[in-house]
Amino acid sequence: MLPVTEPLFQQTLAWYFSYAKSYFSDDANCQEHILLKQKHSLRVAALIGVLARELGLSDEERVLAKLIGLLHDIARFEQYTRYQSFHDKVSFDHGEVGAKLLCEVGPLQGLDNDLREILSCAILHHNKIDIPTTLSKRETLHTRLVRDADKLDIIYLTCSYLKNGSRFPTVFPAGAGQVSPEIVHALARRQLVEYGMVRSLGDFHLLKAGWVYDLNFTPSLDILHRRGHLSLLKAALPASTEIEEIFNQIQHYIQERLG
C-alpha cells in the first residue's frame, strides 16, 4: 500500500503542474482562467493543511487533506477549455467529473482503495449544497475540510479584487450594485444562498458573506475573522438597515462559535 506522506504530495504536485500546463492556451482570456484555477487550488491545498494542523489531525490525514485540496477543482481546466465557463449548469458538474478524473493521477495509482474512496468522495461533494449523512466519519471530515478551505479562498479572491479595484471575471447584469430581496431575506434567516439566486454583483458578495453559516470548523471561522474579509464585503454593498442587521448577525454568530 502506498503511504500517504509528504513525498507523495510532492509527486502529485509535480503531476498537477504538468496536467494544468497541458491546458495552457495562446488565448489570453482562456489562459487567465486556467491560471486562476491553478493558483486557487494551490492556495486551497496550503490552507487545508493549516486547518488540519490546527485541528490536531495526524500527518496522514493532513497530507490526505492537502491532496484533496490540490485536486478538488481538477475538472475546471477541461470545463473552461470546452465551455469558456465555470458555471456547472451550462457545462458539467465539476465535482462529479473531478472525482472520475482521479484515475488519471499517476502518483495516486498505488493508494489503498479506502483512501482513494475518501479522495473521490470529498471531491465529488465539495461543491454540493449539502453533505450526505451516509458518509463515513473520515469521508465527512475530509469533505468538510475541503469545503471550508474552498470557501475561504474564494472569499479571499473576491476581497482581493475589491481591494485592488480589479474587474470581476464573472459578468453581472445591469444594476450590479443592488441586492435581491430574496437573498436578503434568506440570510436574515441564516439560510444558504444558491448561485442560481444571484442576479447582481451585490448578490454575489452577499452569497459569500452567508457562507459563514456553512463553515464547519472553528479554525475556519477564526481565519475568516482575522483576515477582515467580512468588512470588505460589507463595504462593497449598498448601505441599508437590512444589510447592517445581516452583518451584525453574522458577527454575533462568529463570536458565539469562537467563544
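None of the values given here were measured: they were computed from a predicted structure. We use all heavy atoms of the structure for the numbers below, so side chains are in, but hydrogens, waters and symmetry mates are not.
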Item to complete: In sequence, state the C-alpha distance, the side-chain angles, and the governing distance for Leu108 and Trp15, and then conclude on side-chain contact (heavy atoms from CB on, under 4.5 Å).
Response: CA-CA 10 Å; Leu108 301 183; Trp15 176 92; over 6 Å; no
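- Between Tyr19 and Glu104, some side-chain heavy-atom pair lies under the 4.5 Å cut-off.
- The closest donor-acceptor contact from the side chain of His185 to the backbone of Pro181 lies under 3.5 Å.
- Taking both residues in full, the closest heavy atoms of Tyr23 and Ile34 are given as O-CG1, 3.8 Å, listed atom of the first, atom of the second, then distance.
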Practice prompt. Please assess Lys208 against Asp203 for the test salt bridge (charged side-chain N to carboxylate O under 4.0 Å, His left out), listing each intermediate value before the final yes or no.
Written response: CA-CA 9 Å; Lys208 301 295 181 290; Asp203 289 348; over 6 Å; no
Item to complete: Might you work through the side-chain contact (heavy atoms from CB on, under 4.5 Å) test for Ile123 and Asp73, ending with a clear yes or no?
Response: CA-CA 8 Å; Ile123 292 171; Asp73 269 355; over 6 Å; no
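- Summarising the geometry, atom CG belonging to Leu55 is positioned 6.5 Å from atom CG belonging to Leu51; distances are rounded to the nearest 0.5 Å.
- Put simply, CG on Leu233 and CD1 on Ile155 are 6.5 Å apart, with the number rounded to the nearest 0.5 Å.
- Cluster annotation: Phe9 and Val44 are assigned to distinct hydrophobic clusters (Ile/Leu/Val/Met/Phe/Trp/Tyr, side-chain heavy-atom contacts under 4.5 Å, transitive).
- The side-chain heavy atoms of Lys100 and Val97, taken from C-beta on, include no pair separated by under 4.5 Å.
- Nearest heavy atom pair, residue Gln249 against residue Tyr213, reads NE2-OH, 3.4 Å.
- Ion pairing of Arg138 with Asp114 is absent here, as no side-chain N (NZ or NE/NH1/NH2) approaches a carboxylate O to less than 4.0 Å.
- With a 4.5 Å cut-off on side-chain heavy atoms, Phe92 and Gln79 count as touching.
- In this structure, Ala236 and His205 approach most closely via the heavy-atom pair CB-CD2, 3.7 Å.
- Taking 4.5 Å as the limit, every side-chain heavy atom of Val90 sits out of range of all side-chain heavy atoms of Tyr83.
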Discussion item. Please determine whether side-chain contact (heavy atoms from CB on, under 4.5 Å) holds for the pair Arg144 and Glu139, giving the CA-CA distance in whole Å, both sets of side-chain angles, and the decisive distance to 0.1 Å.
Written reply: CA-CA 8 Å; Arg144 288 177 172 172; Glu139 287 171 341; over 6 Å; no
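- If you chain together hydrophobic residues whose side chains sit under 4.5 Å apart, Leu115 and Val146 fall into the same group.
- With hydrogens and angles left out, the side-chain atoms of Gln10 and Glu6 include a donor and acceptor closer than 3.5 Å.
- Between Ser41 and Leu70, the closest heavy-atom pair is CB-O, 3.5 Å.
- In this structure, the separation between CZ on Phe77 and CG on Leu101 is 11.0 Å, given to the nearest 0.5 Å.
- In this structure a side-chain-to-backbone donor-acceptor pair under 3.5 Å is present from Arg147 to Lys128.
- Between Ala45 and Lys66, the closest heavy-atom pair is O-CG, 3.5 Å.
- Inspection of the His125 and His142 side chains reveals no N or O donor paired with an N or O acceptor under 3.5 Å.
- Checked by atom type, the side-chain pair Asn127/His72 shows no donor-acceptor distance below 3.5 Å.
- Note: the hydrophobic cluster containing Leu135 does not contain Leu124 (ILVMFWY, side chain heavy atoms under 4.5 Å, direct or indirect links).
- For the residue pair Pro238 and Val179, the shortest heavy atom distance occurs at CD-CG1, 4.3 Å.
- Both Tyr16 and Leu119 are assigned to one and the same hydrophobic cluster, defined by single-linkage of ILVMFWY side chains at heavy-atom distances under 4.5 Å.
- With contacts defined as side-chain heavy-atom distances shorter than 4.5 Å, the pair Ile254/Leu230 qualifies.
- The side-chain contact (heavy atoms from CB on, under 4.5 Å) test with Asp150 singles out one residue from Asp153, Asp148, Ile154, and that residue is Ile154.
- Here the CD atom belonging to Glu96 is positioned 9.0 Å from the CG atom belonging to Asp88, to the nearest 0.5 angstrom.
- Side-chain atoms of Arg43 and Gln38, non-hydrogen and from C-beta on, never get closer than 4.5 Å to each other.
- Among the candidates Leu64, Asp59, Val63, the single residue satisfying the side-chain contact (heavy atoms from CB on, under 4.5 Å) test with Glu61 is Leu64.
- No side-chain donor-acceptor contact under 3.5 Å links Ser25 to the backbone of Gln31.
- Taking the six-membered ring where the residue is Trp, Phe86 and His33 present tilted rings, their angle falling between 30° and 60°.
- Of the possible polar contacts, none joining the Ser180 side chain to the Ile183 backbone as a donor-acceptor pair under 3.5 Å is found.
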Worksheet entry | Criterion side-chain contact (heavy atoms from CB on, under 4.5 Å) on Leu47 and Ile223, from CA distance to verdict | CA-CA 10 Å; Leu47 185 54; Ile223 289 171; 3.7 Å; yes
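- Residues Leu152 and Leu215 have side chains in contact (heavy-atom distance under 4.5 Å, counting atoms from C-beta outward).
- Side-chain contact between Arg190 and Tyr253: present, with at least one pair of heavy atoms (C-beta onward) separated by less than 4.5 Å.
- The line from CG of Leu2 to CG of Leu111 is 5.5 Å long, rounded to the nearest 0.5 Å.
- If you take SG on Cys121 and CD on Glu117, they are separated by 7.0 Å, rounding to the nearest 0.5 Å.
- A salt bridge links Asp222 to Arg226: one of the charged nitrogens lies within less than 4.0 Å of a carboxylate oxygen.
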Item to complete: Please report the C-alpha distance between His126 and His94 in whole Å, then the side-chain angles of each, then the deciding distance to 0.1 Å, and finally whether the side-chain hydrogen bond (donor to acceptor under 3.5 Å, both in side chains) criterion is met.
Response: CA-CA 10 Å; His126 86 273; His94 74 280; 3.1 Å; yes
